[in-house]
Amino acid sequence: MADEKSLNFLEEIVENDLKEGKYKTIATRFPPEPNGYLHLGHAKSICLNFGLALKYGGKTNLRFDDTNPVTEETEYVENIKNDVQWLGFQWAEELYASDYFPQLYEFAVRLIKKGLAYVDDSTSDEIAEQKGTPTQPGRNNIYRNRPIEENLRLFAEMKDGKYPDGSKVLRAKIDMAHVNMLMRDPVIYRIKHAHHHRTGDTWCIYPMYDFAHGQSDSIEQITHSICTLEFVPHRELYNWCIENLEIYPSQQYEFARLNMTYTMMSKRKLLQLVNEKLVNGWDDPRMPTLSGVRRRGFTPESLREFCEKIGVAKRDNLIDLSLLEFCAREHLNKISDRRMVVFDPLKVVITNYPEGQEEMMPTENNTEAENAGVRHMPFGRELWIEREDYMENPPKKYFRLAPGQMVRLKSGFIIRCDEAIKNAAGEVTELHCTYFPESRSGHDTSGLHVKGVIHWVSVKHAVPAEIRLYDKLFVTEDMNAIEDDFKNHLNPDSLKVLSKVYAEPELANAKLGDHFQFLRMGYFVLDPDSTPGKLIFNRTVTLRESK
RNA sequence: UGUCCUAUGGUGUAAUGGUAACACAGCAGAUUUUGAUUCUGCUUUUCUAGGUUCGAAUCCUAGUAGGACAACCA
């Protein structure tokens with residue numbers, strides 16, 4: 001019997017509703033606006049919405065909230081769909097708020113007929129000014145009492161394109177003194193002579209969020225409409241619309257959005273980074289976008305696990321980036337084949353190894369995975385090792401090469417450093433070592449004991465490659481707390497390119513999407529910029545390092 | 001000088017009136033042909049003040065702190 005995991009507050013609500021027979025089955029939706037790429041915050045919402053339906057046997061619609069033609073594009077639609085599927089979820093129906101434009105128009109007419117909406121000729125400045133402030137009530141204007149017939153005529157003329165942008169709006173008639181600013185006669189339709197990515201030029205009036213979202217939920221009979229905390233004040237208006245339109249009563253619930261240390265999760269600001277070329281596009285591996293983290297090498301499994309681990313609640317949070325890294329390593333450790341790659345090469349010549357001799361050293365691909373198999377690495381007289389695996393004057397607990405000190409070449413032999421060759425500038429250019437033939441990996445009869453084990457690549461067989469090392473995009477922990485321009489907080493060292501590293505020959509066969517652990521260096525994935533002649537790897541995350 | 005939401009280790013999240021727990025992070029140690037993985041142990045918690053109750057992290061009141069709200073954005 002598995003011990004029961006406690007429920008988050010949304011699961012509690014759903015279980016309760018199901019238990020009380022309020023619903024037979026539930027319906028949720030994921031409602032992105034196609035004006036940018038999905039990021040980790042959306043992943044939380046996706047996992048929540050799809051996860052709830054999956055867990056309780058309901059369905060989830062993918063609904064594009066495309067009510068603002070000015071910022072929305074088909075390119076975004078395609079990428080959003082791709083991202084959701086990549087994360088591992090399949091929607092019941094692919095829908096668009098714009099599908100409901102005719103119906104939404106009818107809803108507006110219905111409101112006008114009930115005396116609950118009016119056409120206002122005020123400018124947006126005037127409307128804002130009449131609205132009051134959170135501590136002062138707003139006031140009614142002369143348009144508020146327009147007769148129903150006139151409103152009907154004017155609204156129809158708005159729709160027919162008789163008026164220019166900004167000249168008129170349709171407002172719900174609620175209460176200009178309401179304590180909730182959103183209830184002070186909110187604008188529900190505005191004129192925009194703009195081309196819509198789906199409806200083209202059919203419409204020149206478009207509903208506002210508050211007059212589209214709840215109605216769309218209702219049309220689709222969404223039972224639980226889950227959104228982030230900033231929509232809490234909208235709930236009153238959401239319910240007002242449903243009540244006065246007398247339509248299916250979807251219910252809105254709010255959770256706290258995801259915030260992460262050293263990460264910017266604002267679509268608007270991410271767009272700015274892209275537009276100003278401060279990153280290399282939406283899928284730059286430093287971006288918190290799903291396309292970015294995918295290219296970086298994060299797996300959907302690790303992201304889903306991350307979303308599971310961060311939980312769901314209503315208080316503001318700032319999740320440690322290290323939790324995401326932990327989830328990445330946890331999964332990558334299980335699925336990644338091990339490979340050896342030398343980043344900062346230093347040549348080792350094994351002076352007692354016969355010139356011209358080669359042998360193949362078997363080495364396991366991944367001891368964490370069953371059936372990962374073995375590969376064979378060529379071993380020869382000349383090898384590349386990591387420059388930092390040699391020290392002339394090592395500290396006490398240094399287990400690697402130093403004058404007279406021994407080390408194990410992983411899956412190879414034990415070698416001893418006899419001499420460091422230096423150039424005129426005093427820099428070490430190569431190491432002369434002796435190997436112990438009886439210390440062959442797996443057949444070690446040498447009786448030697450060494451603590452240090454290092455990776456290596458045969459000079460003759462090494463494959464050159466490029467490595468891209470990524471670090472956090474911002475240097476500031478809480479990017480929500482800053483008051484100056486967020487671009488002041490960019491990490492100048494967020495990308496470091498090593499243009500010539502030496503990889504073991506097996507990596508020449510790497511395919512897009514292959515995840516590797518480069519021994520002692522971290523987890524890497526082949527980047528799509530790679531060409532047949534040029535391998536490029538992105539570092540997904542370093543190995544955990546302790547000392 | 002308003003309304004609403006929130007307050008549990010460093011960071012998250014549980015405990016649903018009955019012994020405050022789990023994960024991450026941190027620190028120690030064991031194992032290790034990756035200074036990885038794995039394993040073991042440790043450090044650290046209920047915002048404050050009243051009240052209800054045999055008993056409060058939980059319920060009530062007040063305070064304090066943080067967040068949201070004055071787009072023809074979503």
Side-chain angles (χ1 to χ4, degrees), chain A residues 5-8 12 31-33 35 65-68 70-72 97 120 122-124 127-129 131-138 165-171 178-182 184 186-192 205-206 208-210 212-213 227-236 254 256 261 267-268 308-327 329-330 333-334 338 340 363-364 367-368 397-400 407-412 414 439 441-442 444 450-455 477 480 517-523 542-547:
Chain A
K5 202 178 162 290
S6 60
L7 304 174
N8 66 48
E12 268 180 31
E33 183 188 10
N35 67 346
D65 230 333
D66 55 349
T67 56
N68 186 357
V70 179
T71 55
E72 295 154 5
D120 192 329
S122 307
T123 66
S124 76
I127 290 178
E129 190 269 326
K131 204 148 207 159
T133 70
T135 51
Q136 289 172 310
D165 289 7
S167 60
K168 285 180 167 48
V169 291
L170 185 71
R171 291 228 254 169
H178 202 287
V179 70
N180 182 349
M181 297 283 295
L182 284 159
R184 324 245 259 230
V187 172
I188 58 178
Y189 258 96
R190 77 290 213 186
I191 301 171
K192 272 183 197 281
I205 57 170
Y206 293 91
M208 299 286 291
Y209 167 84
D210 286 305
H213 199 100
C227 60
T228 48
L229 246 29
E230 63 267 31
F231 291 96
V232 169
H234 292 253
R235 190 174 60 230
E236 198 170 9
E254 311 86 9
T261 55
K267 243 202 272 184
R268 210 192 92 246
E308 187 64 38
K309 278 191 156 62
I310 58 177
V312 186
K314 298 186 76 157
R315 68 187 96 124
D316 289 330
N317 57 78
L318 186 61
I319 306 285
D320 248 305
L321 191 54
S322 63
L323 182 61
L324 179 64
E325 296 182 337
F326 170 83
C327 293
R329 292 188 189 108
E330 192 181 37
N333 179 43
K334 291 186 190 123
R338 274 53 175 171
M340 295 196 214
T363 182
E364 276 155 327
T367 52
E368 305 288 325
K397 290 259 218 166
Y398 186 79
F399 308 132
R400 290 162 273 167
V407 81
R408 154 80 61 187
L409 296 170
K410 168 75 181 173
S411 298
I414 293 173
S439 69
S441 191
D444 189 346
V450 296
K451 186 157 169 65
V453 179
I454 65 172
H455 59 280
E477 191 168 41
N480 284 333
Q517 185 199 99
F518 293 169
L519 245 55
R520 305 205 296 139
M521 305 308 269
Y523 293 98
T542 61
L543 256 27
R544 193 166 148 258
E545 32 201 320
S546 52
K547 252 277 214 123

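In what follows, chains are A, B, ... by sequence order, proteins preceding strands, each numbered from 1.
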Ionic contact status for A:R338 with A:E364, cut-off 4.0 Å: no
- prompt: Roughly, in whole Å, what's the span from CZ in A:R315 to P in B:rC47?
  reply: 10 Å
message: Taking the ring centre of each residue, are A:H234 and A:Y209 less than 6.0 Å apart?
response: yes
query: Between B:rA71 atom P and A:Y189 atom OH, what is the distance in whole Å?
result: 22 Å
- request: Using the C1' atoms only, state how far B:rU44 lies from B:rG9, rounded to an integer number of Å.
  value: 5 Å
message: Using Watson-Crick or G-U wobble geometry with both distances under 3.5 Å, which nucleotide pairs with B:rC39?
response: B:rG29
- prompt: For B:rA21, what is the paired nucleotide under Watson-Crick or G-U wobble rules, both distances under 3.5 Å?
  reply: B:rU13
- prompt: Across all strands shown, which nucleotide pairs with B:rA71 by Watson-Crick or G-U wobble geometry, both distances under 3.5 Å?
  reply: none
- request: Using Watson-Crick or G-U wobble geometry with both distances below 3.5 Å, tell me the partner of B:rG55, or none.
  value: none
field: Rounded interatomic separation in angstrom, taking CG from A:D316 and C1' from B:rA7
entry: 10 Å
- prompt: Is there a Watson-Crick or G-U wobble partner for B:rU1 with both distances under 3.5 Å, and if so, which one is it?
  reply: none
- prompt: Within the structure shown, what part of the strands sits under 4.0 Å from A:H213 by heavy-atom distance: base, sugar-phosphate, or nothing?
  reply: nothing
statement: When rounded to whole Å, the CG to C1' distance for the pair A:L321 and B:rA23 reads 16 Å
message: Any base atoms under 4.0 Å from A:F326, or only sugar-phosphate, or nothing? Heavy atoms, all strands.
response: sugar-phosphate
- request: Check the distance between B:rA70's C1' and A:H234's NE2 and give it to me in whole angstrom.
  value: 12 Å
Separation of the P atoms in B:rA15 and B:rC72, to the nearest angstrom: 41 Å
query: Side chain of A:S441, base of B:rU33: donor and acceptor closer than 3.5 Å?
result: yes
field: B:rC47 - base-pair partner by Watson-Crick or wobble geometry, distances under 3.5 Å
entry: B:rG63
task: Can you tell me the distance, in whole Å, between the NZ atom of A:K397 and the C1' atom of B:rG35?
output: 10 Å
query: For A:T133, which contact category applies under a 4.0 Å heavy-atom criterion: base, sugar-phosphate, or nothing?
result: base
